[in-house]
Amino acid sequence: MKKPDPNNPIKVAIADDHALFRAGVKTALSAKRDVELIAEADNGMQLLNLLKHIEPDVILLDIQMPIMDGITTLPEIRKINPHVKVIILSMHNDHSMISKLMEIGANSYLTKNSDSETIYQAIKTCYEQEFFFNELTNKALLTGLRTRKTEPDHLLDAQLTEKEIRILKLMCEEKTTKEIADIVDISPRTVEAIRDKLKTKTGAKSMAGLVMYAVKKGFVQET
């Protein structure tokens, strides 16, 4: 798991056609020592051109932009840099859209009225743990599973222990490895070992797969 270093901050790029929103994000992130905004773009095309010369760790990507929107841009980002983390920003909270974007490569989805601390936590969590799940993404994944006629066929019907279920629930609640370790009173290394064991037992390939399993089994409930 990656850890941000104040001497080597997380490099962030943002693509959003609203200059005031970009300025607000820039001001908020400037107060954080472990995050650095290195590039801004007005649209997806401009962002893709920038990505030929820079390598951000995390991209904040607006859905609705002129010339080239976020939905069209996301797959192109993946072609240029498969490992960069992409956080989608939108004014809307449409569950089907969120599910679609998560499936084609988004690492998180935030509404644009999210506060600056939530955006900061999403950047850090995506950088460290690949995905940032919140109530919005969990509900979207849950709705998606309920409306599909078939469940994901690669997920197994695993028998999990009470401790494994508790840790899986905490992962879905956006808890960090250290926070989970403190809550369950085990070492961070043990948490990581249990996470790997959960992947093996459930057939999940990533944290996204584990969350899909959790919502399928009802460990994550709609509120």
Side-chain angles (χ1 to χ4, degrees), residues 4 9-32 34-141 143-144 147 174 206 208 211:
I10 303 168
K11 298 187 293 293
V12 179
I14 182 170
D16 192 297
D17 61 319
H18 293 96
L20 283 175
F21 181 80
R22 293 203 314 270
V25 171
K26 185 175 184 177
T27 299
L29 295 184
S30 67
K32 306 295 185 180
D34 53 355
V35 176
E36 179 185 5
L37 186 63
I38 63 168
E40 299 178 52
D42 290 321
N43 58 70
M45 185 66 72
Q46 188 178 28
L47 174 67
L48 295 177
N49 287 330
L50 286 171
L51 291 181
K52 295 174 184 177
H53 309 287
I54 62 170
E55 290 189 13
D57 299 306
V58 179
I59 294 172
L60 301 174
L61 182 67
D62 188 15
I63 284 186
Q64 294 180 309
M65 296 181 289
I67 303 176
M68 190 172 188
D69 64 23
I71 299 170
T72 307
T73 305
L74 179 55
E76 299 304 314
I77 291 173
R78 287 278 164 253
K79 292 176 186 176
I80 297 171
N81 187 340
H83 304 294
V84 69
K85 308 302 185 291
V86 180
I87 299 172
I88 298 294
L89 301 168
S90 175
M91 294 299 295
H92 308 289
N93 59 359
D94 178 75
H95 287 174
S96 62
M97 177 62 69
I98 297 169
S99 293
K100 176 184 175 182
L101 287 160
M102 296 293 282
E103 287 172 6
I104 66 173
N107 298 86
S108 190
Y109 188 106
L110 301 176
T111 56
K112 293 182 77 170
N113 60 4
S114 300
D115 59 48
S116 59
E117 190 62 26
T118 299
I119 294 174
Y120 169 66
Q121 288 299 329
I123 291 169
K124 276 191 65 178
T125 305
C126 285
Y127 178 78
E128 294 175 4
Q129 302 183 32
E130 190 176 358
F131 293 92
F132 175 78
F133 295 104
N134 52 28
E135 183 180 337
L136 197 59
T137 56
N138 287 344
K139 280 187 176 181
L141 290 170
T143 301
T147 55
E174 310 158 42
S206 65
V211 171

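Numbering starts at 1 and runs along the sequence shown. Side chains are part of it too, since the values below use all heavy atoms of this structure and drop only hydrogens, waters and symmetry mates.
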Does [X] reach the side chain of [Y], with side-chain heavy atoms less than 4.5 Å apart?
{"X": "Ile123", "Y": "Ser108", "result": "no"}
{"X": "Ile98", "Y": "Ile88", "result": "no"}
{"X": "Val25", "Y": "Asp16", "result": "no"}
{"X": "Arg22", "Y": "Leu37", "result": "no"}

With Lys124 as reference, evaluate Val58, Ile119, Asp34 under the side chain to side chain contact (heavy atoms under 4.5 Å, CB included) test and give the passing residue.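 Between Lys124 and the candidates, side chain to side chain contact (heavy atoms under 4.5 Å, CB included) is satisfied uniquely by Asp34.
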Within a reach of under 6.0 Å around CD of Gln64, are more than 12 heavy atoms found that belong to other residues, nucleotides or ligands?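 12 or below, so no.
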Is Met68 atom CE crowded by more than 12 heavy atoms from other residues, nucleotides or ligands, each under 6.0 Å away?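 It does: Met68 CE has more than 12 such atoms within range.
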Dump the intermediate steps for side-chain contact (heavy atoms from CB on, under 4.5 Å) on Phe132 and Ile87, then the final yes or no. CA-CA 9 Å; Phe132 175 78; Ile87 299 172; 6.0 Å; no
Distance (rounded to the nearest 0.5 Å) between [X] [atom1] and [Y] [atom2]:
{"X": "Ile14", "Y": "Leu29", "atom1": "CD1", "atom2": "CG", "answer": "8.0 Å"}
{"X": "Met65", "Y": "His18", "atom1": "CE", "atom2": "NE2", "answer": "11.0 Å"}
{"X": "Phe21", "Y": "Leu89", "atom1": "CZ", "atom2": "CG", "answer": "5.0 Å"}
{"X": "Asp115", "Y": "Tyr120", "atom1": "CG", "atom2": "OH", "answer": "13.5 Å"}
{"X": "Glu40", "Y": "Leu60", "atom1": "CD", "atom2": "CG", "answer": "10.5 Å"}

Working note: Lys85 + Glu128, criterion salt bridge (charged side-chain N to carboxylate O under 4.0 Å, His left out); need CA distance, chi angles, decisive distance, verdict. CA-CA 10 Å; Lys85 308 302 185 291; Glu128 294 175 4; over 6 Å; no
Looking at every heavy atom in both [X] and [Y], which two are closest together, and how far apart are they?
{"X": "Leu50", "Y": "Ala39", "result": "CD1-CB, 4.2 Å"}
{"X": "Asp57", "Y": "Pro9", "result": "OD2-O, 4.1 Å"}
{"X": "Asn43", "Y": "Pro66", "result": "CB-O, 3.1 Å"}

Decide yes or no on side-chain contact (heavy atoms from CB on, under 4.5 Å) for Tyr127 and Val35, but give the supporting numbers first. CA-CA 11 Å; Tyr127 178 78; Val35 176; over 6 Å; no
For side-chain contact (heavy atoms from CB on, under 4.5 Å), just list the numbers for Asp17 and Ile67, CA-CA rounded to whole Å, side-chain angles, deciding distance to a tenth of an Å, and then say yes or no. CA-CA 10 Å; Asp17 61 319; Ile67 303 176; over 6 Å; no
Name the atoms and distances for all side-chain donor-acceptor pairs under 3.5 Å in residues 70-79, with sequence neighbours left out.
residue: Thr72; atom: OG1; partner: Asp69; partner atom: OD1; Å: 2.8
residue: Thr73; atom: OG1; partner: Asp69; partner atom: O; Å: 2.6
residue: Glu76; atom: OE2; partner: Lys79; partner atom: NZ; Å: 3.2
residue: Arg78; atom: NE; partner: Gly105; partner atom: O; Å: 3.2
residue: Arg78; atom: NH1; partner: Pro82; partner atom: O; Å: 3.3
residue: Arg78; atom: NH1; partner: Val84; partner atom: O; Å: 2.7
residue: Arg78; atom: NH2; partner: Val84; partner atom: O; Å: 3.0
residue: Arg78; atom: NH2; partner: Gly105; partner atom: O; Å: 2.8
residue: Arg78; atom: NH2; partner: Asn107; partner atom: OD1; Å: 2.9

Please evaluate residues Asn81 and Ile59 with respect to the criterion side-chain contact (heavy atoms from CB on, under 4.5 Å), reporting the C-alpha separation (whole Å), side-chain torsions for both, the decisive distance (0.1 Å), and the verdict. CA-CA 11 Å; Asn81 187 340; Ile59 294 172; over 6 Å; no
